[in-house]
Amino acid sequence: MMSQRIWPNFYIVGAVKSGTTSLYAYLRQHPQVFLPTMKEPHFFTRPHPSPEQTHLIQYIADVGQYQHLYRGANQFPRIGDASPSYLWCEEAPERIHAVQPDARIIVILRDPVQRAYAQYLMDFNEGVLDLPFMEALQRDWTRSDKGWGISQLYVELGRYTAQIIRYQQRFGADHVHVCLLEDLKKTPLAVLEGIADFLDIDRAAMRAIDLGTVHNAHRLPRGNWARRLASGRMSRFIGEHLFPHSWGEYIWRHIFLREGRKPPMDSAARRFLQELYAPEIERLEHLLNRPLPELRVSWKAFEPIKDTKPSTLPQKPSGNI
């Protein structure tokens, strides 16, 4: 029966590549918080991945399997779900509200230009695509079929304002907490204490959390062999179903990847994204009633722009996304 089910009462909803893994890892250490071993069930997004991406997208669609993640969770004051697709998914706020109308929503944001590039580098490392960044943006921006597990949504995932408004309208602004990746990197304890206050849990316990471990930091593939294996159906199945998650993560991070500097972003792609997101950030500053220089990190001149080609991409196809 529905009354016997355990539903999370807080949700880390995104954005993608903006620190959700770190928040998940930190909050799992808090004695009053339960987060399942599967970080991203994406249950309330209800993905329908394309055939070519089915093996690349992990999610739970069955309510019984989702409930299985939360066995024993009723002993904890705060029960969470950390699925970054929920921020993008238009239906997720209503679906979450239907089972937990008093849920607390945590949003963590990043410079949307850097966010898109970080997602692209992840996709490239995992063998999802072989295109340069600008070409990947062009292909993804102009395709007519969009969705989680269908397209990469490089641009759409960084359009934060409407996404946050959906949660504020459904749950109330006081139940939506927005934090920033830049702050989490610079002052992690202060960010976590703010989240503790938001969740009504012991803020003092945050001081015992291991903040020294870097979660999901950028690494480079050891070669094309690693990228081919990472994108293969059989290797994905073995890594996700035949090994504990921690083993698979360790093998991926330490055998398939290596330390190395992040390659510089293509200047034309950076300029295009900056032009697109500049008014978006202004709208978000108005919504949150605060300046957000942390979302303009890529506007700083890390390297000179040498080319003078127009930065515009083809027009987005008409229709809803």
From [X] atom [atom1] to [Y] atom [atom2], the distance as rounded to the nearest 0.5 Å:
X: Leu69; Y: Phe43; atom1: CG; atom2: CZ; answer: 10.0 Å
X: Leu284; Y: Ile165; atom1: CG; atom2: CD1; answer: 8.5 Å
X: Tyr160; Y: Leu87; atom1: OH; atom2: CG; answer: 8.5 Å
X: Asp81; Y: Tyr86; atom1: CG; atom2: OH; answer: 3.5 Å
X: Leu27; Y: Met206; atom1: CG; atom2: CE; answer: 5.0 Å
X: Gln163; Y: Glu156; atom1: CD; atom2: CD; answer: 9.5 Å

Task: Arg270 to Tyr117 six-membered ring, cation-pi geometry met (6.0 Å, 45°) - done: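 Judged by the rule, Arg270 and Tyr117 form no cation-pi pair.
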
Are any non-hydrogen side-chain atoms of [X] and [Y] less than 4.5 angstrom apart?
X: Ser298; Y: Leu273; value: no
X: Phe34; Y: Arg28; value: no
X: Leu292; Y: Leu109; value: no
X: Gln32; Y: Arg78; value: no
X: Asn9; Y: Asp102; value: no
X: Gln114; Y: Leu181; value: no
X: Ile195; Y: Arg104; value: no
X: Ser83; Y: Thr45; value: no

Between [X] (side chain only) and [Y] (backbone N and O only), is there a donor and an acceptor less than 3.5 Å apart?
X: Asp111; Y: Val297; value: yes
X: Gln67; Y: Ile6; value: yes
X: Gln29; Y: Asp210; value: yes
X: Asp140; Y: Leu153; value: yes
X: Arg271; Y: Ala268; value: no
X: Arg166; Y: Thr161; value: no
X: Arg203; Y: Ala190; value: no
X: Arg115; Y: Ser18; value: no
X: His175; Y: Pro101; value: no
X: Arg110; Y: Lys17; value: yes

Task: side-chain contact (heavy atoms from CB on, under 4.5 Å) evaluation trace for Gln168 with Leu287 - done: CA-CA 10 Å; Gln168 289 183 337; Leu287 175 69; 3.5 Å; yes

- [ ] Take Glu135 and Leu129, measure what side-chain contact (heavy atoms from CB on, under 4.5 Å) needs, and give me the verdict at the end.
- [x] CA-CA 10 Å; Glu135 292 182 37; Leu129 48 75; over 6 Å; no

Cluster overlap [X] with [Y], hydrophobic side-chain contacts below 4.5 Å:
X: Met38; Y: Val99; result: yes
X: Leu276; Y: Trp299; result: yes
X: Leu137; Y: Leu131; result: no
X: Ile209; Y: Ile201; result: yes
X: Leu211; Y: Leu35; result: yes

Task: Derivation and outcome, side-chain contact (heavy atoms from CB on, under 4.5 Å), residues Asp197 and His177 - done: CA-CA 10 Å; Asp197 294 342; His177 181 78; over 6 Å; no

- [ ] Please state whether the rings of Tyr120 and Phe124 are parallel, tilted or perpendicular, taking 30° and 60° as the class boundaries.
- [x]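 Geometry flag for Phe124 against Tyr120: tilted rings.
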
[X] to [Y] - nearest heavy-atom pair and separation:
X: His42; Y: Tyr59; result: CB-CB, 3.9 Å
X: Ala103; Y: Ile96; result: CB-CG2, 4.2 Å
X: Pro93; Y: Arg170; result: O-CG, 3.8 Å
X: Pro112; Y: Gly158; result: CB-O, 3.8 Å

Task: Positive for side chain to side chain donor-acceptor pair (under 3.5 Å) with Arg283, one of His286, Glu285, Glu280 - done: Glu280

Task: Set of side chain to side chain donor-acceptor pair (under 3.5 Å) partners for Gln152, sequence neighbours left out - done: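 Here the qualifying residues are Gln53, Asp123.
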
Task: Leu157 and Trp148: CA distance, side-chain angles, deciding distance, side-chain contact (heavy atoms from CB on, under 4.5 Å) verdict - done: CA-CA 10 Å; Leu157 293 178; Trp148 192 266; 4.1 Å; yes

Task: Aromatic contact, Phe44 with Tyr66 (centres under 6.0 Å) - done: yes

TODO: Please say whether more than 12 non-hydrogen atoms of neighbouring residues, nucleotides or ligands are located less than 6.0 Å from NZ in Lys185.
DONE: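 Correct, the count exceeds 12.
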
